[in-house]
Amino acid sequence: MKRKRRVSIAAILPMYLFTLLFVLGPLIYMLILSFASRDGQWGVSAEFTLKNYPRMLEPIYLRTFWNSIKLSLLSTLFVLLIGYPFGYFMARLTKKWRTIAMLLLIIPFWTSTLMRLYGWIIFFRANGVFDGLLMGLGLTTAPLKLLYSYPAVVVGMIYALVPFMIYSVYSSAEKLDWRLVEAARDLGASGFRAFLTVSLPLTAPGIFSGVILTFVPSMGLYFIADVLGGNKIVLIGNLIQEQLVKLHDWPFAAAMSVVLLVLTSVFLFLYRRVTKSDSLEGLV
Amino acid sequence: MDSALLRLENLEKSFGETRVLRGVSLSADAGQFITLLGPSGCGKTTTLRIIAGLESPDTGKVWLDGRDVTSAEPNKRDVNTVFQSYALFPHMTVEDNIGYGLRLRRKPKAEIRRAVKDALALVQLDGYEKRMTSELSGGQSQRIAIARAVIGNPKVLLLDEPLGALDYQLRRQMQLELKRLQKQLGITFIYITHDQEEALNMSDVIAVMRNGMFEQLGSVSEIYDAPKTAYVARFVGNANIVSGVVKDVSDGVITLARSDGEMSVKLTGAPPERGATVHAAVRGENVQIEPLGRDGQPPEPIVGTISDKRFAGGQLRISVTLSDGTEVTASRHGIDSPLAAGERVAVWWSPDHAVTVEGDNEA
Ligand SMILES: Nc1ncnc2c1ncn2[C@@H]1O[C@H](COP(=O)(O)OP(=O)(O)OP(=O)(O)O)[C@@H](O)[C@H]1O
Ligand SMILES: [Mg+2]
């Protein structure tokens, strides 16, 4: 007994150290940085200041924060609407088809998300695949300017995030005892009522974790706005990147990152309070 | 159409290569208690699922109240089911489970609450409204499933081994309760069990099922007293099956010859030809086993050797092996007998207690 326990601590210790070093470390560094001042062209001076935080209340920054949240909420909603049916029906497939579906879901991850986003450019750009299709069908006569628009960014977000929702819903729907749905039908429920009263509540954990798995990363997917939105759509992530790379204001970038982190944590916390879900299906 | 409330017409069903139902036909009147009795895997649940609309037959029809419902959705049939697995909704309280059907019909809340209370009283679980289903024992779950299915007052109630998880005492009590309920509500019950005693206690009609077919369908007394086949005689009455060749038919009694003696069987139906092989079914309580040469024995009783003596199911069971390997088991009250294993004995019975049955050829 004792021996076993000692072994397991020894096994876990490196992971703790790793987490401490590479996750907590940078976070603390970022927090400290956010209270530092900018110094000259490049550097950071150790001089303590609070001014980085109030600066975010300037209208352009506030508006950007708000836009980011809106885009994330909207994307999450679409991801849920698209991903839920996929995950749900995937769980109803026979074993063979389920494996195939799962494979199709995983294969895109073998290339980088950025590469796959460039694919969307070919699809969306003026006279691209999408325009060609619409014009070929005679639905439109002139190319739509879809690339570098808000819808293009939303589509990109959905595309990048929907697999997580599908997987979450799937792992929850897979555990759904179909005999319960049959019992509901037997007691007089239409297929839709049975879904609403039995399937949906019993797959709710999958929805919860899917929403978290979608919303939280969506706040950070600024490169999608970059690639598909041109420079028209600016999110917090874009602002942070700009401060870092172009304006070299590291303390302000750090402050914004801290706020973003706190914001997502608050959303997470609120969400868990509202849904009372402790277990995150598909997570861990 | 005839007056039957429920009619199954030659149902067939295969899952892949497995033929699960091979032509099941049944006709149930309003208020009848019909039991499907058969071993595991013979197609009982599948038959029930087809009636409920949860499975569709490959061929054949289901008629309910004069309407062809073969392809009707489950919610469009006035049939409810007590599932073998209970299938209680884990995210609802007992009250919400039982009231589910009524809520679908948008009945007023107060009415539902009262109906749930009555239904709980019916299954002797008063006060369980607020329990979650995870807090119930197997037997309690079963009773909640029964309450949930009867509350909507369906025309036909399908029960898939509804008392399987209960102890003997509660089982007997629930058998009476269910029977009373069925009489009182006038609901037609299609009841699955593989407990023959339960089937005999409760049913009006028993369908003995085997390999996806009804081996025999008839009233309780028909099934018990006049089994058509060796299989039914064994399954329902724990009967012994002994074969012999027809030697003589006279005065309503068939005399059968064997290498180890003679036996006699009551003649029912057309007399068999002399020289034909016939199978006789005799229940254990009617088998006489005695030391050779006692008074009152038939002139040439079958002679066998006692192979086993054991106490089981409240009775003493003495098994005798005959010359052709057939085993005959007699059951007696009492806990022991002077007969000992290895002893040569006479085996006989009164012809009134033996019937001829069809042999055991696989379907
Ligand atoms: N969905 C299915 N797919 C494949 N085979 C099935 C399916 N449902 C039932 N079967 C097969 O059909 C046969 C009959 O099953 P059924 O459930 O009707 O038996 P049963 O008489 O109710 O048995 P038990 O007393 O064990 O409940 C079994 O061999 C079973 O394996
Ligand atoms: Mg069954």
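Lettering follows sequence order; numbering is per chain, from 1. It should be emphasised that the depicted structure is a prediction, and the values quoted were computed from it without experimental measurement. Keep in mind that the numbers below use all heavy atoms, side chains included, and drop hydrogens, waters and symmetry copies.
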Note: A:L202 and B:H91 closest approach over all heavy atoms is CD2-ND1, 3.6 Å

**OP:** Count the heavy atoms of every other residue, nucleotide or ligand shown that sit under 6.0 Å from CZ of A:F192, and state whether that count exceeds 12.
**Re:** no

Honestly, the part of B:L158 sitting under 4.5 Å from a heavy atom of chain A is neither

Under a 4.5 Å heavy-atom criterion, the part of residues 178-190 of chain A in contact with chain B comprises A:R179, A:L180, A:E182, A:A183, A:A184, A:R185, A:D186, A:L187, A:G188, A:A189, A:S190

Indicate every side-chain donor-acceptor pair of residues 78-92 of chain A with a distance under 3.5 Å to a residue at least two apart or in another chain.
unit_1: A:Y84; atom_1: OH; unit_2: A:T203; atom_2: OG1; d: 2.5
unit_1: A:Y88; atom_1: OH; unit_2: A:S199; atom_2: OG; d: 2.8

Against chain A, residues from residues 69-79 of chain B with at least one heavy atom under 4.5 Å, in numeric order, are B:E73, B:P74, B:N75, B:V79

| message | Using side chain to side chain contact (heavy atoms under 4.5 Å, CB included), reason through A:V198 and B:Y100 one step at a time and then give a plain yes or no. | response | CA-CA 11 Å; A:V198 177; B:Y100 185 81; 4.1 Å; yes

Greatest number of non-hydrogen atom pairs under 4.5 angstrom with chain A, of B:A87, B:G53, B:A52, B:P154, falls to B:A87

Sequence neighbours excluded, the answer for salt bridge (Lys or Arg N to Asp or Glu O under 4.0 Å) partners of B:R19 is B:E12

